[in-house]
Amino acid sequence: MVNNITTRRRFIQASGGMVAASLAATASSAAPLAQARGGARAMGQPLPETVKLPSTPPRRKRPDSLGFAIVGLGGYALNQMMPRFDQAERAHIAAIVSGNPDKLRRVGDAYGVPEDARYSYDAFARIASDDRIDAVYIVLPTGLHAEWAIRAFAAGKHVLCEKPMALSSADCERMIAASRRANRKLMLAYRSHFEPYNLEAMRLMEQKAVGAIRLVRTEQSYRMGPTSPSENWRTNRVLAGGGPLEDYGIYGLQSALYLTGEMPESISAATFRPTGDPRFSEIFAHVASQLRFPSGAVAQLVTSYDSAATNFAHVRGTDGALIMDPATSYSGQKMRLEARNPREFTPGDPNVQFARQLDHFTNAVRDGEAIRTSGEMGLRDLRLIEAIYAAAETGRTINLTPDGKIRR
Ligand code: NDP
């Protein structure tokens, strides 16, 4: 991996620094997939001291529960998702996949995962003959999603994939094709589609609670501590693409689409990357974009790894405004309507989003329920991200087809 990163960095320097055109061009070629191949760290990452493991293994609640293999035992898997399986009705952890043998042992023991269901990345293909595993949940760095989703489909398993789906629309298309070939389901882990505040906001916007929408503003930002591409995959272009937009700003992009219920017809954008800061030697520090919708509504999206933390969505319409702040957190959401009849909303506990997402995937696999957050939705979002980078690189407004492709 270090060699891959070094090679990649040399390429970036040789190509005159971080420009969106090279990002878009390389992202849509097979290069990142090839470089990421075998890129899952053989030695893995040690178990962070702060991770709390369950004192008693969670129990499986129903016989028709879906058995998941968790691939990548990192911060999000260990701190958020794995503990939430206990709250799901029809999902359980059947296997774990990691590059770190100590973590496999300690996490496996805590979650009651049988020893022969603890896989290294090298042994991953053997899951094909493991009937305890119905689905693979990919919680790896983004640049590895496509590779491991395709491997999971080749093993005959369904795939739940963390956001963003991949780093290019071409990789998303490969993942969708692999899912169809294998006749297995593919779902994106866009948790806000299962979170009560965001669901209520979608309903309010459908009911025209602010009248006709004129403006959506979203921001997802935080200040990243000192780091570099070899220390932190989020700053490594092969694994993270352009950086904050794919990782965090994607929530604002998603909100703009599901709150307006529209696809943008054009995009303009600007990126910023300070020189001499190792955090941003390969990725952008800020990305700002403006989307124009067929109704005339405009969305202004900002995301940053280098400004004070915030996470909000505001919708302003002819009859009022909806304020969500924080908008898409794990918990603590707040939402109010500023209109003739102002209101605060408390539609439910945001904590349910994780387990509901898991149960929804089981319902899709077991009962054929339509997937709310499909591979096609992930592909759509990557097309829009590519259009944002193309707009920033060219300094031009990019026109889009209704399915988000750049209109040539
Ligand atoms: P972490 O860095 O905490 O964990 C990633 C894990 O992937 C590592 O612990 C390691 O697991 C494994 N891995 C394999 N190869 C590599 C490699 N080359 N470099 C680094 N790690 C590697 O990341 P997160 O858990 O924060 O993010 C993982 C995914 O989850 C991303 O796609 C991210 O976008 C998504 N995410 C989603 C969130 C949401 O709210 N839906 C929130 C946070 C993240 P091991 O040691 O077991 O091999």
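Values below: every heavy atom of this structure, side chains too, minus hydrogens, waters and symmetry copies. Numbering of ligands and ligand atoms starts at 1, following listing order.
- Geometrically, ligand 1 and Gly75 share a nitrogen or oxygen pair separated by less than 3.5 Å.
- Ring centroids of Phe85 and Tyr111 are separated by 6.0 Å or more, keeping the two rings apart.
- Counting non-hydrogen atoms of other residues, nucleotides and ligands closer than 6.0 Å to CZ of Arg343 gives a total of 12 or fewer.
- The side-chain heavy atoms of Phe194 and Arg372, taken from C-beta on, include a pair separated by under 4.5 Å.
- Residue contacts with ligand 1: Trp148 is excluded, as none of its non-hydrogen atoms falls under 4.0 Å.
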(request) Output, in order, the C-alpha distance, side-chain angles, deciding distance and verdict of side chain to side chain contact (heavy atoms under 4.5 Å, CB included) for Asp109 and Arg118. (result) CA-CA 10 Å; Asp109 286 352; Arg118 304 173 189 177; 2.8 Å; yes
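- An N or O contact shorter than 3.5 Å is missing between Leu239 and ligand 1 by distance.
- With a 4.0 Å heavy-atom cut-off, ligand 1 is reached by no atom of Gln80.
- Geometrically, ligand 1 and Tyr251 share a nitrogen or oxygen pair separated by less than 3.5 Å.
- Residue Gly99 has at least one nitrogen or oxygen atom sitting less than 3.5 Å from a nitrogen or oxygen atom of ligand 1, judged on distance alone.
- Which of Pro101, Ala189, Pro141 comes nearest to atom 7 (O) of ligand 1 through a heavy atom is settled by distance: it is Pro141.
- Near Tyr330, meaning under 4.0 Å from any of its heavy atoms, are these atoms of ligand 1: 40 (O), 42 (C), 43 (C).
- By the criterion of a heavy-atom distance under 4.0 Å, both the backbone and the side chain of Tyr76 are placed next to ligand 1.
- Within the 4.0 Å heavy-atom cutoff, Tyr121 counts among the residues contacting ligand 1.
- In summary, Arg59 and Asp86 do not engage in a salt bridge, as defined by a charged side-chain N under 4.0 Å from a carboxylate O.
- Assignment of Arg234 to the shell around ligand 1 is supported, since a heavy atom sits closer than 4.0 Å.
- Near Arg191, meaning under 4.0 Å from any of its heavy atoms, are these atoms of ligand 1: 39 (C), 40 (O), 41 (N).
- Between Asp116 and Arg132 there is a salt bridge, since a side-chain N of the basic residue sits under 4.0 Å from a carboxylate O of the acidic one.
- Only side-chain heavy atoms of Glu162 come within less than 4.0 Å of ligand 1; its backbone N, CA, C and O stay farther off.
- Atoms of ligand 1 lying under 4.0 Å from at least one heavy atom of His145, given by number and element, are 32 (O).
- Using modelled atom types, one finds no donor on one side chain facing an acceptor on the other under 3.5 Å when comparing Asn198 with Ser255.
- For the ligand labelled ligand 1, residue Leu144 lies inside the 4.0 Å heavy-atom shell.
- At a heavy-atom distance under 4.0 Å, no atom of Tyr137 approaches ligand 1.
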